[in-house]
Amino acid sequence: MLVFTRRKNETITIGDGIEVRVLRVGRDGVRLGIVAPADVSVHRQEIYQQIREANESAAAAPLRVPEVAAKLRRSS
Amino acid sequence: MIVPRRQDAPEDITPEDSIIAFPEGLPGFESCRGFVIISSPELAPLQQLQCVAGPPASFVGIDPRRLVPSYRCELSRADRERLGVSDESVLLWLSLIVIDEDGTAAANLRAPIVINPMTMTGRQVMPQRGLYALRHVITDLA
């Protein structure tokens with residue numbers, strides 16, 4: 001892992017066109033600004049992880065799908 | 001001469017033009033790069049999202065606006081570009097559904113699947129501001 005020391009308003013660049021700027025340094029957090037090309041996804045890791053887990057659960061249990069569908073039809 | 005259909009022949013061959021490309025797959029299913037949508041009266045109002053290019057994986061989803069009529073999810077510029085969106089009104093939205101062992105069904109309203117039928121491209125979008133629930137309970141079979 002590369003480790004840098006950066007102060008407020010200093011940046012690092014990654015590859016071609018990705019820029020990470022330190023906007024604010026607080027006591028328990030750092031606020032970062034990220035500039036990236038449109039084809040690069042930028043996410044907070046915990047959000048990506050949550051969605052990944054939700055997708056894994058969604059793929060796991062299709063057994064009662066017809067029952068759920070019938071119930072939704074009745075309630076609409 | 002009538003040739004009987006072989007028992008082991010696939011029931012329906014997926015025509016190429018019904019395959020929706022997911023260039024990045026889905027989180028957790030990154031190598032699922034092509035899906036088809038299966039609709040049937042038995043499934044309605046749910047739809048099945050079946051991976052046909054990549055490992056076998058199948059999901060069911062529902063249009064989030066059926067659950068929350070005011071549902072509104074803003075696409076980022078990057079999402080619009082990658083889906084090739086010129087007209088948002090044609091987009092198909094699907095919230096994937098999790099059915100727990102006890103029969104509770106919940107839809108992921110936070111990160112919907114968005115499909116552009118004009119470009120046959122889809123992706124799961126992750127709005128930066130999480131306005132909707134990751135688990136929106138829709139029905140309880142108990």
Side-chain angles (χ1 to χ4, degrees), chain A residues 1 6 8-26 28-76, chain B residues 23-30 32 40-51 55-62 66-67 76-82 95-108 110-113 123-128 130 133-135 138-141:
Chain A
M1 185 191 284
R6 302 276 71 188
K8 192 178 162 183
N9 288 326
E10 290 182 340
T11 63
I12 53 171
T13 59
I14 302 169
D16 191 11
I18 300 176
E19 197 180 288
V20 182
R21 181 183 295 266
V22 178
L23 299 177
R24 196 180 67 215
V25 183
D28 347 285
V30 179
R31 195 165 176 83
L32 302 174
I34 294 160
V35 178
D39 60 342
V40 175
S41 301
V42 181
H43 302 291
R44 294 175 184 85
Q45 198 206 2
E46 66 273 20
I47 293 179
Y48 192 88
Q49 188 57 35
Q50 278 175 357
I51 290 163
R52 188 192 169 102
E53 283 164 16
N55 285 350
E56 280 160 4
S57 311
L63 277 176
R64 301 181 77 178
V65 169
E67 260 180 282
V68 171
K71 183 139 183 181
L72 283 169
R73 282 197 298 273
R74 281 198 301 274
S75 64
S76 65
Chain B
E24 294 160 287
L26 302 177
F29 298 85
E30 284 80 0
C32 288
S40 74
E42 197 202 16
L43 276 177
L46 308 178
Q47 287 179 303
Q48 192 181 343
L49 193 64
Q50 172 95 46
C51 175
S58 174
F59 303 89
V60 286
I62 189 168
R66 270 196 80 112
L67 304 171
S76 68
R77 192 172 55 90
D79 289 330
R80 298 174 60 91
E81 250 169 64
R82 272 181 277 189
S95 282
L96 298 188
I97 290 175
V98 175
I99 303 170
D100 295 338
E101 273 173 34
D102 67 359
T104 307
N108 174 357
R110 180 164 306 166
I113 307 271
R123 64 188 263 102
Q124 189 165 22
V125 302
M126 282 171 258
Q128 292 298 321
L134 193 62
R135 264 185 70 82
I138 54 177
T139 182
D140 191 343
L141 297 176

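Values below: every heavy atom of this structure, side chains too, minus hydrogens, waters and symmetry copies. Every chain is numbered from 1 and lettered A, B, ... according to where its sequence line falls, protein lines coming before strand lines.
Interface remark: B:L43 contributes backbone and side-chain atoms alike to the contact with chain A (heavy atom separation under 4.5 Å). Using a 4.5 Å cut-off between heavy atoms, B:E42 touches chain A through backbone and side chain atoms alike. Neither the backbone nor the side chain of B:P56 comes within less than 4.5 Å of any heavy atom of chain A. Neither the backbone nor the side chain of B:L49 comes within contact range of chain A; no heavy atom of the residue lies under 4.5 Å from a heavy atom of that chain. Proximity to chain A (any heavy atom under 4.5 Å) is shown, for B:Q48, by neither the backbone nor the side chain.
At least one donor-acceptor pair closer than 3.5 Å links the side chain of B:S95 to the backbone N or O of B:N108. Looking at A:R73, its side chain does come within 3.5 Å of a backbone N or O of B:A44 through a donor-acceptor pair. Side-chain atoms of B:D102 come within 3.5 Å of backbone atoms of B:T104 as a donor-acceptor pair (strictly under, hydrogens ignored). Looking only at distances, a side-chain donor or acceptor of A:R21 sits under 3.5 Å from a matching main-chain atom of A:N9.
Among the candidates B:R135, B:Q124, B:R77, B:E81, the residue making the largest number of heavy-atom pairs closer than 4.5 Å to chain A is B:Q124. Of the listed residues A:Q49, A:Q50, A:E53, the one with more heavy-atom pairs under 4.5 angstrom with chain B than any other is A:Q50. Ranked by heavy-atom pairs under 4.5 Å with chain A, the first of B:I62, B:L134, B:D79 is B:L134.
The line from CD of A:E67 to CD1 of B:I99 is 8.5 Å long, rounded to the nearest 0.5 Å.
The pair A:R52-A:E56 meets the salt-bridge criterion, since a charged nitrogen lies less than 4.0 angstrom from a carboxylate oxygen.
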